[in-house]
Each structure stands twice: as C-alpha cells, then as structure tokens.
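This one's a predicted model, so the numbers in the text were calculated from it and none came from an experiment. Every chain is numbered from 1, with letters handed out A, B, ... down the list of sequences.
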Number of protein chains: 4
Amino acid sequence: MSSSIGHLFKLTTFGESHGPAVGGIIDGCPSGLKLNVVKIQQFLNRRKPSASFISTDRDEDDQVEFLSGIIDGVTLGTPIGFLIKNKDARSSDYNNLKDVFRPSHADFTYEKKYGLRDYRGGGRSSARETVNWVVGGAIASQILLQKGITVTSYVSSVGHIDVGADYLDVDSDLIYSNVIRCPISEKANEMEQLIKSCKANGDTVGGCISTVIKGVPFGLGEPVFHKLQSAIASSILNINTCKGVEFGLGFDYSRKRGSEGNDLFCVKSGVVGTTTNHSGGIVGGISNGQDICFRSAFKPVSSLFMEQRSINNKLKDVTIKPSGRHDACVLPRAVPIVDAMTAMIILDYYLLNKTTKISDL
Amino acid sequence: MSSSIGHLFKLTTFGESHGPAVGGIIDGCPSGLKLNVVKIQQFLNRRKPSASFISTDRDEDDQVEFLSGIIDGVTLGTPIGFLIKNKDARSSDYNNLKDVFRPSHADFTYEKKYGLRDYRGGGRSSARETVNWVVGGAIASQILLQKGITVTSYVSSVGHIDVGADYLDVDSDLIYSNVIRCPISEKANEMEQLIKSCKANGDTVGGCISTVIKGVPFGLGEPVFHKLQSAIASSILNINTCKGVEFGLGFDYSRKRGSEGNDLFCVKSGVVGTTTNHSGGIVGGISNGQDICFRSAFKPVSSLFMEQRSINNKLKDVTIKPSGRHDACVLPRAVPIVDAMTAMIILDYYLLNKTTKISDL
Amino acid sequence: MSSSIGHLFKLTTFGESHGPAVGGIIDGCPSGLKLNVVKIQQFLNRRKPSASFISTDRDEDDQVEFLSGIIDGVTLGTPIGFLIKNKDARSSDYNNLKDVFRPSHADFTYEKKYGLRDYRGGGRSSARETVNWVVGGAIASQILLQKGITVTSYVSSVGHIDVGADYLDVDSDLIYSNVIRCPISEKANEMEQLIKSCKANGDTVGGCISTVIKGVPFGLGEPVFHKLQSAIASSILNINTCKGVEFGLGFDYSRKRGSEGNDLFCVKSGVVGTTTNHSGGIVGGISNGQDICFRSAFKPVSSLFMEQRSINNKLKDVTIKPSGRHDACVLPRAVPIVDAMTAMIILDYYLLNKTTKISDL
Amino acid sequence: MSSSIGHLFKLTTFGESHGPAVGGIIDGCPSGLKLNVVKIQQFLNRRKPSASFISTDRDEDDQVEFLSGIIDGVTLGTPIGFLIKNKDARSSDYNNLKDVFRPSHADFTYEKKYGLRDYRGGGRSSARETVNWVVGGAIASQILLQKGITVTSYVSSVGHIDVGADYLDVDSDLIYSNVIRCPISEKANEMEQLIKSCKANGDTVGGCISTVIKGVPFGLGEPVFHKLQSAIASSILNINTCKGVEFGLGFDYSRKRGSEGNDLFCVKSGVVGTTTNHSGGIVGGISNGQDICFRSAFKPVSSLFMEQRSINNKLKDVTIKPSGRHDACVLPRAVPIVDAMTAMIILDYYLLNKTTKISDL
C-alpha cells in the first residue's frame, strides 16, 4: 500500500537512493496517448540537481528508460514500467552514518519501524525517490494538457522572503527565468542571496511553494472522504520536508468573517464564476470551475554541513558532520515535484469523474 | 470510493441532512472489544448542537442505534452497522433555496457534478454527515486507549483571537470547561464574545483547532505515499470548511534555518526522544515516538443570516437570506470531529503496522 | 475490506441473521437513474423463502427501506443506504447450538477466527446476508438494462438431475414458471421430486446454476490481475455453499484439443463474432462481445434435520438435531443471488472500462 | 488496478512479451526476511521453457535482477523492484500476425479494448508475464515456510488422462521426477505420450492442476466478500487459459446429499479436525485448519501449428499458421504459476488476519 498513489491513474514505485536503480509502474494510463518523450525528460531535468550553487553536487543524468506499455511512442493502455539508474551514488560518503541517527532525518524512524535500514544516502527515505513521481506527473500532465488543464507551481517564499503577491499578479512565464523558480525576479535575487549565505554557513533554509491549476472542469472531487483538497493535500504532504498545505486563503481564511470570506457568484459569458476565489476553486470538496490554488510549506533540509550532536544505535552521544551531498534549499527542485504530484491527482480525479452521471455512460 | 475512509479499520457512510437517517458501517473493528456505549454517546454529544447560543438551534438527540457487529456489548469482528435518525429536520426552511445556489456553499458544485441535488439542508454536503464520523472515531478511540494512545483537540483560535500558547502549556482538562472548548479560559471568553457579536450581526467567523496525539508508538506511517502526516491531513481536510493543515511548526517551519529547526535526539530512561518537537512527532512520514501535533484551519461558515447576492439555476441574480439553522462558528463542534478523524487514522495505521516486520508475524 | 465488493460501483454490507436488521451502502451508483422500486422488490421476492415446500419456513417480508441517495425516485449520485429489518427471527431455536459446532457450518471457523460468534442463526455467516447483495444487484441490473445488458441464471442441475441442454437451447422465459427456476419443465419436475424426497428425510441436496450475460460490449475486463472471469468467479464464490465456477466449456475444456477447442472468428453484419463460444465470451480476460456464460456448483446445505454427531466448544462429542429453519435445496433461491452478484461485477467493469482509451476522455 | 494483486502483500507488474523486459514491484514484504535467492531462481526455473520436447523452444534464462528493497540479502520492508530481461524474443516471427487476429487469442479483445496492441508475441497477454508472478510467489513461499505453510501443485490430468487418485494418495516428492510434473509416473508417461502426439500434429491439449496447501492456521479468509476460496479462485483464474476452479469435492459436491457431504468433526491430540475433507479446508469462507485443496482447469493453448481460418483487422478472411514458439501443453509449466499465485494469496490473508482480534494487537 505504501508505495502506490492513485485510483485509476496509479503510480507504484521502488528504489533506494544508492541501490542500482529507482523506478516505477504507471498503471491505468489510457491507451492511444502519443507521448512526448522530450517533454518528459525536460520535466525530469527541472528536478535534477543543477550545476547551480544551491543544489547538491550529485550528478545524475536522470535518464528515464521505459520498459513497457508503449509502442511506436504511443501508450498501449498496459502498465508503463520505467527505471532511472543510480549512477553517481557515492555510498562510501555514508559509511560513517551506518550506526548513527542524523537529527530530523528518517534514519531513526526507519530503523524503529523496520528493524533495519539502508543507511546509504537515506535509502528509500531519500528525495531521490521523487524522480519517479516526476515521471508519473510528466505523463499525467500530457493528458491533462489535451483537456486544457495546466498545473503551475513556483517558489513563493524562502525563509522570511515572500513574493508578497497573489498568484494572479505574477507572470508564470518567468518562473524558470531564474534558478529559484520564483516569477518575481527581485524577490528571486533576495532568495538566492539568502540561500547562498545559508550554504556558506553549512546551513539550510525552508520556504513555500504556490500552485495554480487552470482549466479544471466543474465537478472533480469525491465528496465526503475524498474531497479534492483532501486528495491534493494527501499527495503533497508526501513530499520530503513538506509540513503544511493550505487552500485558497488557507490559514488566513480562519481569521475572516463569513461576510468577507464568501465568494459571490457571477455569470461570465453564460458560465457561472465567482467574483473572488477565497476558496481556492474547491467548494464542498468539488472543483467549482475557478482556478484551484494552494500553498505548501517546506521545512529546511535537515542535513547540515556543520557539526551537530546526535546519538548512535547504541544510544551514545556522537557528533556528526554529514559528508554526503545535499541541497541548501530544497524549494527550487521541489517545484516540479509539486507539479507532478498535483498533475497525477487531478488526472486521477478527472478519470474518476467520468462515471458520475448516468447520462455519461 | 467517495464514502469510505481507512484501510483495515474502515468507515463507510451514507445520508443526507434531511433524509430519514444518516449512518454507516465500520468494517475491520477487531473482535473482542467491550464497547463503552455511554462513552460513545458522550463523544457524540460533544458534537451536538448544544443549547448554547453559538450553535444552530436544530435539536437532534443524535442517538446512535447499532444494528450489527456487537453481541452482549462486545464486538464480533463483523461490520458494525449503525444509524442516527434525522428527527428535527425542517425541510420547509429550504424550499426557497431549491433553485438557488448559496455563495461558497456546495449547492452549485453538487448540481454541476451530479446534475441534481438534494437541496434540503445541503443534502449530503451538510455537516450532519460528520455525526457518522464521530461514531467511528469514538470506537477507534476506545481501542487506542487500550494501547495508551489518546487524541486531544481544542480550539486554538477564533478569528484573530489566538490562544497564543504552545500545546504543552495548556491544561487539556480545561478544554470542556467552556462552550468554546478552549483550555485557556480568558481566551475562551474573548472568543465567545467575538462569536456572540458575529451572531448578533448574522455573520460567522472561522478559526483553528490544535490537536495532540500522545502515546503513539514508534513506526506508524507508511513511507513514500502514505506518510502519517499525509494520512492525517487527508482525513482532516474532509471536514467541512477546513482549508489547511500544518504539522509541528508547520508554515512557521518554512521560515526557519535547518540549524534552528532540527530536533536533536536525547535519551530519557533508555528511550530515544528529542529535545524539541518541531517536526510534530513525524519524521520521514513515520511516528518518532514524540507527541504528534498539528493544527487545522477552518474558514467561517458560509451560511449567513444577512442578505447576500447570489444566482439561481437559471443564472439570474437573486438575493437570498437563509432561514435554516446554522452555527455562527463551527469550531467548538468541530473539535470532536477532528478527534474522531484523527483517532480513526491512527488506529488504521496502528493496524497496518502490525505486519511490518517478519519477527511480528 | 471483508464487507465491500466492487471498485467504482461498490456495495458494503452489515448484519447478523438474528440482529435487528441487515443492510448496506451502495457507493458509486451514477446519478440521474430513475429507480424502479417495484422491480427491486420483485428481485428481492425471488430470493425470499417462498411458501413453497422446498424452502425454509422463515417468513421475512424482506421489505427494503432506502435511507439516502435518492430524491423523488432518482439517484443523487451519493451513497444509497438501505436496510431490511429482521422480523421473524426465532433466536430461541438456536439456544441449544450456543456451545456446539454444527458440521460443515461456519460456527467453528468463526469461533476460531474471532474468538466469539453470534450463534443465533449462524450470525453473519447466514445466507440472510445475501438479501443485501440482491438490493445491490437489482440496482445494478437497472443500469445494465439501459445499456442493453441482461443477466439470466437458472438451475441447471439438482443432485444428479441435469438439464442436459446448452443454454442456447433453453427458453429463459420459462425459468420462473416453476419453483425450481429451471427452464425445462420435465427436468424441473424431477428436481422437485428429488428435493421433496430429501426434505422428507431431513436431508439436503446440492446442484448447479448456469448464467448467461447477453449484450456485454467488447472490452470489459482488466487484463492480468482482474480478468473478467477472475472478477466474476471471485464474486460467485462468496455465495454460501458455492464450491466451484467454470466458464464456457470449463472443466470439459481441459479435456479438449486446441484444434477442437478454438472459437473461430466470423463476421456477422459487419460485427466480429465467433462461430462457437467455447471460451464463454471472455478471451485474454476481456469480453469478446459474445454471450458470457458460466456455471457454478453448490454443495448441499449442511443443516440437516436428522441427528448428527458433532462436538461442542469443550471438544466433547455431542449429538445435534438442528431446530432452526433451513432450505432442503438452496438452488432456487440462489438464482437471484447469482444474478445479483454478476450484475454488480459487470456494471463495475463497465464503469472501469470508461477511461481506457484517451479518445474516450 | 489491472496490474496489482494483494492487499498487504502486493505485487504490481509490467511488461510485454517482446519488450525490453518484464518485471514488477513487491510491496508490503515484511522486513527482516533473509531471502534465499537460489530457491527463488529454482522456482523460476520450474516455469522456464525447458529443453523438453513439450514446451516452446524460446530460450530465456529468466534471471531475475532485484533492484531495491534488499540489503545484504535481507528484506528492508521497502518495495522490492525486480526485472527479468527479455532476451530471446524473435519479434520478426510475429510480423505476419500484425494485422491478423488469431482464434481464441487475446489479439482481438486487446485491439477492441485499447484501440491498439503490441502484436509481437501477444504483448502483455502473453504468458511471459507469469514469470513476474513466480518471483512474487517464490518470496511469499519463503515467508509461509517459516510459518509451516506449504503449497504443492501437480498436474492431475492431461486431456482425458486423469491421475484418478486423491491428493492424499499421491507422493508429492515425485512431482518433479518427470517433465509432466505428475506424481504418478505411469500416468505421467501416458500424459507425455498424449502431448507428444498432439505436438506432432501441431495440436495442443488442456488439463487440470491439483493444489494442496498444508499447515494453514485456523481463521484465514475474510467472510462475506473476501472468502478464502473467492480470493484463491480470483488469483488462479488470472492464469492464462484457466477456465475453472473447484474446491474440495467441487462440482462433484453439487451432486451429493448433505448427509453424505458434511465433514464431521473429530478431535486429534486436542486439536479439532474433521474425519473427511469434502469442503477442501474452507468453511464459511474461513480456513478450518485442514488441508486446503482445489483443482484448476486449463483449456488447450490456442496457438496451433496447423493452418486455421481467421480474420484480419479489415474483417477479411485469412488463413494463418503461427510461426512463433508455443507450448503444446501448458500444464507442466503452469504448476509453479499456480503455486506462486496461491502462495501470494495465502500470505496476504495470513497478514490480513493478524489484526482480527483485539487480543492480537
């Protein structure tokens, strides 16, 4: 159960950070989709540790190999097996961590849950796993695009530096114009300086990602226990270091009165819309045809390049200084991961909604 | 799919607000549990619209009838069917809403998704449904208690009034000492005044609920796609008007450096703990043995007792003034609902974790 | 998990034979279906213990009460909760069985699995539960009928008396012309005599049911692990006393050569068919557009009205003579149950197939 | 959905017969299992097309590569990714079948379901896929063995030649003493002659496999909708060419009276058993502690090496003579596949049963 996501469009994954490969199986991808493999690889490249100063130095080419489910570039409707080989794993970096639990890392919880763990690079708890998600999300995105649905995420804060602008006021074309993936360039510059200074100190810093889904039809979301916000949050909170999700006005909404918070209806060109979008495009768990927007909070990466006190598996105090390769700020690389997760969920709920009405059958 | 939650301990529900009854089926409740029916009813009573000024005047006795799965007060291991009759439904209150979509209500999205809807009292989108969840949560709680696990929620903010205290600094015994379910009495008073003033104006107000789970063993949570925070958030975001969830430091965590955010290990009486609990008791998606704590944001109820502009199903402008019965602030009644959802999830993941290690079989 | 069947059209049930009620929740029923409640009740009546000599004397009126999911006779798309009260339960009949395990009954296995059991009328192991399935199947049938799909079952053998005719050679209009539900009247007479003589001796007898599904479109069935025959067999083998299922030529097929067993293609009015239907309408796990036909074997009911040796829960030898009410031959009443299970599965796979091709989205 | 089997021990697979590889992911394998890789390969070798005259000449070494979930030969509790490369695929053999539908093959149904298909070697409908199942079953078997549970299958009939003996009267040590995998050597000889003569004619022949599961504890099986026989039959009927399954006396049971069919209880060394085992070890859907036994029917392989009439995708008549490589009788190679499927199901239900009683938690 642990390693599958989705109901009709379903991704199941495997892989440890320093094993021979990571990979997965996409089940339920509709047949007849002409895959744009170049775009899939572009999506993957966005998640790659770039040459940029702010990321890990690990150099993976993250080339996805498809093993099934595709003929002449077209999906067969059968499961799409894929793998990405782990090339630049320097497991020896982790030998000194074999018996040690790094603070705020999953070393300890994996050891307690399973009785043993793959200590090399965090094993399965590594964000290396997320490359699998991006493969799934990249394919889901191509189907969504055919239906006019797009998912766009960007870094909206790093530490205390916030874009300070609503998603409506940013130019999404600028997101990838800088290494931060923040569409407001002066803020991106500030964020970059902050990350640089953290990295210089061996420290790390957290931040937030904002996401907008456009073109979502009316009616997605299963009321009661699989509300659309529940499904999205569920997927996003699986991303390493994610600690919170909010929809529309989110936590700010909790401080409002109903009289200022309600979204009033309006009719534009015969289509029902709302004059505001405080609810973030989801009402009663179901998409209302407006943009769906949400924000995710990511804590700072726990791997520091400074000495930290910790304990080993004999419960003795130790001092550790990690020598693996890690990001000083995970936010820029998390952007395509949030996109991927969101795309998979929206597609899954799009498919689930195809059998809602007797008149659709 | 829409109406089930859980994997091994699973609740499936039915019911419209003004139908003959709501109810559900609890499947996977272990056999041999001596149910404390009085405590179940107490749990339900906490969710009932009280005589209190702040809630709806609807007078339901919310008496649960168990139809199966129990013999001589002990669970049989077979599904527990139950129902709660709808007694005080005044459907005529809603006749004027038959063709009208109330702003920020699910009227419109249900109509678009299903092509028709039960307009009486919101039908299935009503929070009436949550009484079913409390039945499930009340039973789950009794099993958890046998394992030393407790779930405690309280109102931590209403509008701009915040308890301003960490959960460690509040006395959970005081939660139910006031109608707000806020353990700090002076704050509770302020919140009460705020809600009263909103109600006087026909307005509503949102707020936040904080939750602490104590006694959770190491190892709950399925890494990768069913991380414990993902499972909890997924359940909580199904609660009507919930717009956000955060774990541990949550959104504040995103503003921290790693050097100040990491939870350092310590050993207390031979057991590994942490000196701080910024992560909220979950690391790598798995419980680390510390208290699990999270906070949920609820928007103000959208049913106002003031005139609002809206549209009808012919897309014409209308002015509505609801005449049903609604809460001015949903927070106090949402407390047991958050407790219930959390208890069901924790129990489900407790059960899932029983087959993790070969040495457990 | 135990008490749910289906993926998109999903039935979850509850109930012990002598509890206050049995019932269930149908989730995923498409909205906008005008339910024919009279036909649902007719379906239920076919399963009722009739006044006929061959069945139990228990007199249940089996009136289904719908509690949700329907407005003005039309499905809302929300879960349909329903219950059937247990009226004529004479639990005292079973007092003498409280500590005793009846041979080939589920008394013993329930006791071992759960540590306790509801001994009254077999509790949840009773065929009383199947009334819930018929509710689900009756609704599924109405949707299938709109798509031109029909499910027809009949008794094809009782003991050694076999209809001795292919399903193509029987007149399905005659199935309900006799109490046996066998379309060949002389065979029905023989079967009736056999059952009468068994009943006279306090004995019981088994038999087979044949089922034909007509109008199934091409393409139902999920290859590899949810082949259509797998899904059907899985549902049918849940019926009490069912011990085997075979498709098309079934076990006889295993004795054939390929050269005599293959179904050759032919084209009729531009549609691809086969000249024979040895495979029973399913090839590679997927419906091929021909009639789907299968046969199910039911062992004789284990409750005898003669003395039998058994043991009690202290593992001591006892002699029992059941005094409850039971069928001498379950076959006639199992016919609508097989129909119901089949209809639910076919509908579920019909819905699952709606998102197979990108061109369908 | 199509490509996963199991609830807690779950296998998801991918792969076309002539793609680069087949493979899968085993999720939910408990941690701490010391894998015997040699035994896994032995299990796989039993399924391999042997050098024997009776099988396809395709020469695959079927070497499984594990990609994750294992460290130092011990399972980590994380998903076990694996693949088996397709080495000896001669896709050109199938060029003449690109536009043609072979009788009783899945060519046609795949084309109708998906709108396109991989015609090379049957694509995903090929029995090549079953090598993945054997990997899953081989690992499941090792866990079961630690609990004293064994699964043993053998060929009990080929065409009209039947072992004519109860499973109790055969020596399971002799199963692999001949190429037929039939424990009674003279019958094995007859079967071999029959298969040889079929092969000589370009024909094929069906048969039956019998399976015995020993050491199953009391209580496996989820009553109502996931009865143990339902779960087993569901898995077995996914095996290519399988057309029927029966438990215990099976179809013969349907011809019995209750007075001769019931299994009477007896107590042996303080443990409750039965004097006969007509029910095949499952009562009320739950294992009763006796041997579980069932029989599966397999139709003859549809690929003949003789001319057959068929149609092409323009619905024109054609004559085909397949030139790929196929088994004349699939039974011997199906034996380990039945074993594998059975082992996975039994393990899954073993795990599901670990949380049944409150006293087990």
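Considering CG of A:Asp263 and CZ of B:Phe108, their distance stands at 12.0 Å, rounded to 0.5 Å. Atom OG of residue B:Ser254 and atom NE2 of residue A:His160 lie 8.5 Å apart, to the nearest 0.5 angstrom. Separating the OG atom in B:Ser234 from the CD1 atom in A:Ile232 is a distance of 11.5 Å, to the nearest 0.5 Å. The NZ atom of B:Lys113 sits 9.5 Å away from atom NZ of A:Lys357, with the distance rounded to the nearest 0.5 Å.
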(message) Between A:Tyr253 and B:Phe298, does the ring-ring contact (aromatic ring centres under 6.0 Å, His included) criterion hold? Intermediate values first, please.
(response) CA-CA 7 Å; A:Tyr253 216 163; B:Phe298 294 82; over 10 Å; no
(message) For a salt bridge (Lys or Arg N to Asp or Glu O under 4.0 Å) check, start with the C-alpha distance between A:Lys299 and B:Glu246, then their side-chain angles and the critical distance, and finish with the verdict.
(response) CA-CA 11 Å; A:Lys299 77 181 179 87; B:Glu246 59 179 4; over 6 Å; no
(request) Could you walk me through whether B:Arg257 and A:Thr204 pass side chain to side chain contact (heavy atoms under 4.5 Å, CB included), step by step? (result) CA-CA 5 Å; B:Arg257 308 283 167 95; A:Thr204 62; 5.9 Å; no
(request) Check the pair A:Asn262 / B:Leu304 against side chain to side chain contact (heavy atoms under 4.5 Å, CB included), numbers first and verdict last. (result) CA-CA 9 Å; A:Asn262 279 357; B:Leu304 309 181; 3.9 Å; yes
(message) I'd like to know whether B:Val224 forms a side chain to side chain contact (heavy atoms under 4.5 Å, CB included) with A:Asn238, so could you lay out the CA-CA distance, the side-chain angles of the two residues, the decisive distance to 0.1 Å, and finally the verdict.
(response) CA-CA 6 Å; B:Val224 178; A:Asn238 287 321; over 6 Å; no
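In this structure, the portions of B:Gln229 lying under 4.5 Å from any heavy atom of chain A include both its backbone and its side chain. Of the atoms belonging to A:Thr274, not a single heavy atom falls under 4.5 Å from chain B. There is no contact between A:Ile358 and chain B, counting heavy-atom distances below 4.5 Å. Both the backbone and the side chain of B:Phe101 come within contact range of chain A, each with at least one heavy atom under 4.5 Å from a heavy atom of that chain. In this structure, chain A has no heavy atom under 4.5 Å from any part of B:Ile161. At a 4.5 Å heavy-atom cutoff, B:Ser359 makes no contact with chain A through either its backbone or its side chain.
Of all heavy-atom pairs spanning B:Val283 and A:Thr109, the tightest one is O-OG1, 3.0 Å. Across every non-hydrogen atom of A:Cys208 and B:Phe251, the tightest pair is SG-CD2, 3.9 Å. In terms of heavy-atom proximity, B:Leu237 sits nearest to A:Ser230 at CB-CA, 3.9 Å. Residues B:Ser2 and A:Pro223 share a closest heavy-atom pair of OG-O, 2.7 Å.
No donor-acceptor pair under 3.5 Å is formed between the side chain of B:Lys243 and the backbone N or O of A:Phe247. B:Asn240 contributes no side-chain N or O that, together with a main-chain N or O of A:Gly284, makes up a donor-acceptor pair within less than 3.5 Å.
B:Asp203 and A:Ser259 share a side-chain donor-acceptor pair at under 3.5 Å. No hydrogens or angles considered: nothing links the side chains of B:Ser279 and A:Ser104 as a donor-acceptor pair under 3.5 Å.
Most heavy-atom pairs under 4.5 Å with chain A, from the set B:Leu264, B:Val272, B:Asp360, B:Val301: that is B:Val272. Comparing B:Pro103, B:Gly280, B:Gly221 by heavy-atom pairs within less than 4.5 Å of chain A, the highest count is held by B:Pro103. Ranked by heavy-atom pairs shorter than 4.5 Å toward chain A, the options B:Gly207, B:Ala233, B:Ala106, B:Gly248 are led by B:Gly207. Ranked by heavy-atom pairs shorter than 4.5 Å toward chain B, the options A:Gly244, A:Gly258, A:Cys266 are led by A:Gly258. Interface summary for chain A: among B:Gly261, B:Ser287, B:Ser302, the most heavy-atom pairs under 4.5 angstrom belong to B:Ser302. Note on B:His278, B:Met341, B:Arg295: by heavy-atom pairs under 4.5 Å with chain A, the leading option is B:Arg295.
Using the six-membered ring where Trp is involved, B:Phe225 and A:Trp133 have ring planes that are tilted, between 30° and 60° apart.
Between B:Phe265 and A:Arg309, the closest side-chain pair of non-hydrogen atoms is not below 4.5 Å.
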